[in-house]
Enquirer: 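To start, I am sharing the structure in question, which I have written as structure tokens.
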Amino acid sequence: HLAILQMTVGMTDRAEIGFAQALQERPGMPKALLWKGYMLSATKQKVEALEVLQSIEHEFSIPEEQYFYEGLISDLNRPPALISGIINAEGTMPQGTLFVVAKRSPAGGMPVAVQKVVNPTFPMKFELGPADMMMGGEWPEQVWLDVRLDEDGNAMSKGDNDVNAERQGPLTGVQTGLQISLVK
């Protein structure tokens, strides 16, 4: 439990030692392996995290731990993002829902992929890729990206207080480090 606490407050070096000690005392201890897998995932050691987590696949007696485990595995198996960056806000923004939408055409049409964030704080990191696709299939060769802060949270309506960023595109391949500004 001390290692879990240390990990949650950012003391990963100490947490790693604590997990090693717990596993030396009780090899294969599901709780220690679950949290060690989480720590490895959080420190971007994806392969190592998957190895640790796959060793305890059906070892949980508490439903919350099984749910946590399944969420970690799902996140680790998520396809990498193809578009990422930072969304900034200039001026006073209304409360609402942020929509980051990739479309096949600058003229609009059905979204390819969507990320929705309720009451975002800025600056905000975003990632969009195959895991965010609406209908599945292959990621298009090029996309256009729309970002809107929508006051009523309804993607279909357009309100006077909604704030739109300048459309980005065409974006091809992997695009990282995009800087998008919402200006009120």
Side-chain angles (χ1 to χ4, degrees), residues 1-89 93 95-102 112-134 136 139 145 147 149-150 153 165 171 173-182:
H1 288 102
L2 178 59
I4 294 169
L5 177 63
Q6 290 169 328
M7 181 196 61
T8 58
V9 296
M11 301 169 74
T12 54
D13 292 344
R14 289 185 182 179
E16 194 169 344
I17 292 168
F19 290 131
Q21 289 171 339
L23 291 167
Q24 183 177 3
E25 185 71 29
R26 287 187 50 203
M29 181 181 180
K31 186 173 211 150
L33 290 168
L34 174 65
W35 285 95
K36 180 179 179 179
Y38 174 77
M39 181 187 70
L40 291 168
S41 171
T43 56
K44 307 295 185 217
Q45 299 175 64
K46 181 179 177 176
V47 172
E48 295 85 351
L50 279 169
E51 284 176 10
V52 167
L53 292 169
Q54 288 170 342
S55 73
I56 54 171
E57 187 171 355
H58 299 289
E59 298 292 324
F60 303 105
S61 58
I62 300 171
E64 290 80 9
E65 288 180 344
Q66 182 67 35
Y67 179 75
F68 183 44
Y69 168 83
E70 290 168 1
L72 280 173
I73 291 291
S74 176
D75 287 347
L76 287 165
N77 287 322
R78 179 183 171 121
L82 297 175
I83 300 172
S84 64
I86 305 283
I87 299 170
N88 292 296
M93 293 292 134
Q95 288 287 50
T97 303
L98 182 77
F99 292 98
V100 181
V101 181
V112 172
V114 176
Q115 185 181 75
K116 176 182 173 181
V117 180
V118 178
N119 295 327
T121 55
F122 299 102
M124 185 191 98
K125 292 181 182 180
F126 78 94
E127 293 183 337
L128 206 59
D132 304 297
M133 292 181 75
M134 304 276 295
W139 187 263
L145 195 66
V147 176
L149 183 59
D150 190 285
L171 303 173
V174 176
Q175 297 282 322
T176 60
L178 291 176
Q179 295 289 322
I180 299 173
S181 292
L182 292 165

Enquirer: With rounding to the nearest 0.5 angstrom, report the CG to CG distance, Leu34 to Leu72.
Expert: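 It is 6.0 Å, given to the nearest 0.5 Å.
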Enquirer: Do Leu50 and Asn77 make a side-chain contact, defined as non-hydrogen atoms from C-beta onward lying under 4.5 Å apart?
Expert: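 Yes; the side chains approach each other to less than 4.5 Å.
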Enquirer: Identify the two heavy atoms, one from Ala3 and one from Ala15, that lie closest to each other, and give their separation to 0.1 Å.
Expert: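 Minimum heavy-atom separation between Ala3 and Ala15: O-CB, 3.3 Å.
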Enquirer: Using side-chain contact (heavy atoms from CB on, under 4.5 Å) as the criterion, list what pairs up with Val117, not counting sequence neighbours.
Expert: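 Counting only residues at least two positions away or on another chain, Val117 forms a side-chain contact (heavy atoms from CB on, under 4.5 Å) with Leu98, Gln115, Pro120, Met124.
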Enquirer: How long is the span from the CD1 atom in Ile17 to the CE atom in Met11, to the nearest 0.5 Å?
Expert: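 Output value for this atom pair is 10.0 Å.
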Enquirer: Taking all non-hydrogen atoms of both residues into account, name the closest pair between Ile180 and Ala165 and its distance.
Expert: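 Looking at all heavy atoms of both residues, the shortest contact is CG2-CB, 3.5 Å.
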Enquirer: Do Val147 and Leu182 have side chains that get closer than 4.5 Å, going by heavy atoms?
Expert: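 Result yes, sub-4.5 Å side-chain heavy-atom pair found.
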Enquirer: Minimum heavy-atom separation for Met29 and Leu23, please, with both atom names.
Expert: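 Minimum heavy-atom separation between Met29 and Leu23: N-CD2, 3.9 Å.
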Enquirer: Which side chain to side chain donor-acceptor pair (under 3.5 Å) pairs, counting each pair once, include a residue from residues 120-129, with sequence neighbours left out?
Expert: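 Of all non-adjacent pairs touching residues 120-129, none passes side chain to side chain donor-acceptor pair (under 3.5 Å).
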Enquirer: Provide the full list of salt bridge (Lys or Arg N to Asp or Glu O under 4.0 Å) pairs with a residue in residues 114-124, sequence neighbours left out, each pair given once.
Expert: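 As it turns out, there is no salt bridge (Lys or Arg N to Asp or Glu O under 4.0 Å) pair with a partner in residues 114-124 once direct neighbours are skipped.
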Enquirer: Are Leu178 and Leu171 close enough, and set up right, to give a side-chain contact (heavy atoms from CB on, under 4.5 Å), and what steps lead you there?
Expert: CA-CA 10 Å; Leu178 291 176; Leu171 303 173; 4.0 Å; yes
Enquirer: Can you measure from CE (Met133) to CG (Leu82) and round to the nearest 0.5 angstrom?
Expert: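 Met133 CE to Leu82 CG: 9.5 Å, rounded to 0.5 Å.
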Enquirer: Could you report the tightest heavy-atom contact between Ser61 and Pro63, atom names first, then the distance?
Expert: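 Taking Ser61 first and Pro63 second, the nearest heavy atoms are O-CD, 3.7 Å.
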Enquirer: Any pair with a residue in residues 2-21 that passes salt bridge (Lys or Arg N to Asp or Glu O under 4.0 Å), sequence neighbours left out, goes on the list, sorted by first then second residue, please.
Expert: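 Every candidate salt bridge (Lys or Arg N to Asp or Glu O under 4.0 Å) pair involving residues 2-21 fails, so no pair, neighbours aside, qualifies.
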Enquirer: What is the distance from atom CD1 of Ile73 to atom CG of Leu53, rounded to the nearest 0.5 Å?
Expert: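 Answer for the CD1-CG pair, Ile73 versus Leu53, is 4.5 Å.
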Enquirer: Would you say Tyr69 and Glu57 make side-chain contact, with heavy atoms under 4.5 Å?
Expert: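 Side chain of Tyr69 against side chain of Glu57, heavy atoms only: contact under 4.5 Å found.
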Enquirer: Quick one: list whatever passes side-chain hydrogen bond (donor to acceptor under 3.5 Å, both in side chains) with Gln21, sequence neighbours left out.
Expert: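 With neighbours one apart ignored, the set is empty.
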Enquirer: Strictly by salt bridge (Lys or Arg N to Asp or Glu O under 4.0 Å), give each pair with a member in residues 24-47 just once, sequence neighbours left out.
Expert: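 Qualifying pairs, neighbours excluded: Lys31-Glu65.
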Enquirer: Return the minimal non-hydrogen interatomic distance between Phe19 and Ala32, and the atom names on each side.
Expert: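 Heavy atoms of Phe19 and Ala32 come nearest at CD2-O, 3.8 Å.
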Enquirer: If you draw a 6.0 Å radius around OH in Tyr67, do more than 12 non-hydrogen atoms from other residues or ligands fall strictly inside?
Expert: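 It does not: Tyr67 OH has 12 such atoms or fewer within range.
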Enquirer: Is there any ring-ring contact (aromatic ring centres under 6.0 Å, His included) pair reaching into residues 29-54, and which pairs are they, with sequence neighbours excluded?
Expert: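 Non-adjacent pairs meeting ring-ring contact (aromatic ring centres under 6.0 Å, His included): Trp35-Tyr38, Trp35-Phe68, Tyr38-Phe68.
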Enquirer: Please round to the nearest 0.5 Å and tell me the distance separating atom CD of Gln45 and atom CG of Leu76.
Expert: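 Answer rounded to 0.5 Å: 11.5 Å.
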Enquirer: Run the side-chain hydrogen bond (donor to acceptor under 3.5 Å, both in side chains) test against Ser55 and tell me which residues pass, sequence neighbours left out.
Expert: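 Checked Ser55 against side-chain hydrogen bond (donor to acceptor under 3.5 Å, both in side chains); zero matches.
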Enquirer: Do you know which two heavy atoms are closest between Ala113 and Trp139, and how far apart they sit?
Expert: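 Shortest heavy-atom contact: CB-CZ3, 3.7 Å.
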Enquirer: Nearest 0.5 angstrom please: Asn119 CG to Thr97 OG1, how far?
Expert: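 Output value for this atom pair is 6.5 Å.
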Enquirer: What residues form a side-chain contact (heavy atoms from CB on, under 4.5 Å) with Pro123, not counting sequence neighbours?
Expert: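 Listed in chain order: Ile86, Asn88.
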Enquirer: Output all residues satisfying ring-ring contact (aromatic ring centres under 6.0 Å, His included) with Phe126, sequence neighbours left out; order by chain, then residue number.
Expert: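 In terms of ring-ring contact (aromatic ring centres under 6.0 Å, His included), with neighbours along the sequence ignored, Phe126 is linked to no residue.
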Enquirer: Going by the rule side-chain hydrogen bond (donor to acceptor under 3.5 Å, both in side chains), which residues pair with Gln66 if we only count those two or more places apart in sequence or in a different chain?
Expert: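 Gln66 satisfies side-chain hydrogen bond (donor to acceptor under 3.5 Å, both in side chains) with Glu70 once adjacent residues are dropped.
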Enquirer: Suppose we screen for salt bridge (charged side-chain N to carboxylate O under 4.0 Å, His left out). Which residues come up paired with Arg78, at least two apart in sequence or across chains?
Expert: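 If we apply the salt bridge (charged side-chain N to carboxylate O under 4.0 Å, His left out) test to Arg78, skipping adjacent residues, the hits are Asp132.
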Enquirer: Answer yes or no: are there more than 12 heavy-atom neighbours, outside Gln24 itself, under 6.0 Å from its atom CD?
Expert: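 It does not: Gln24 CD has 12 such atoms or fewer within range.
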Enquirer: Report yes if some heavy atom in the side chain of Leu128 is under 4.5 Å from a heavy atom in the side chain of Leu145; otherwise report no.
Expert: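 With C-beta onward as the side chain, the pair touches.
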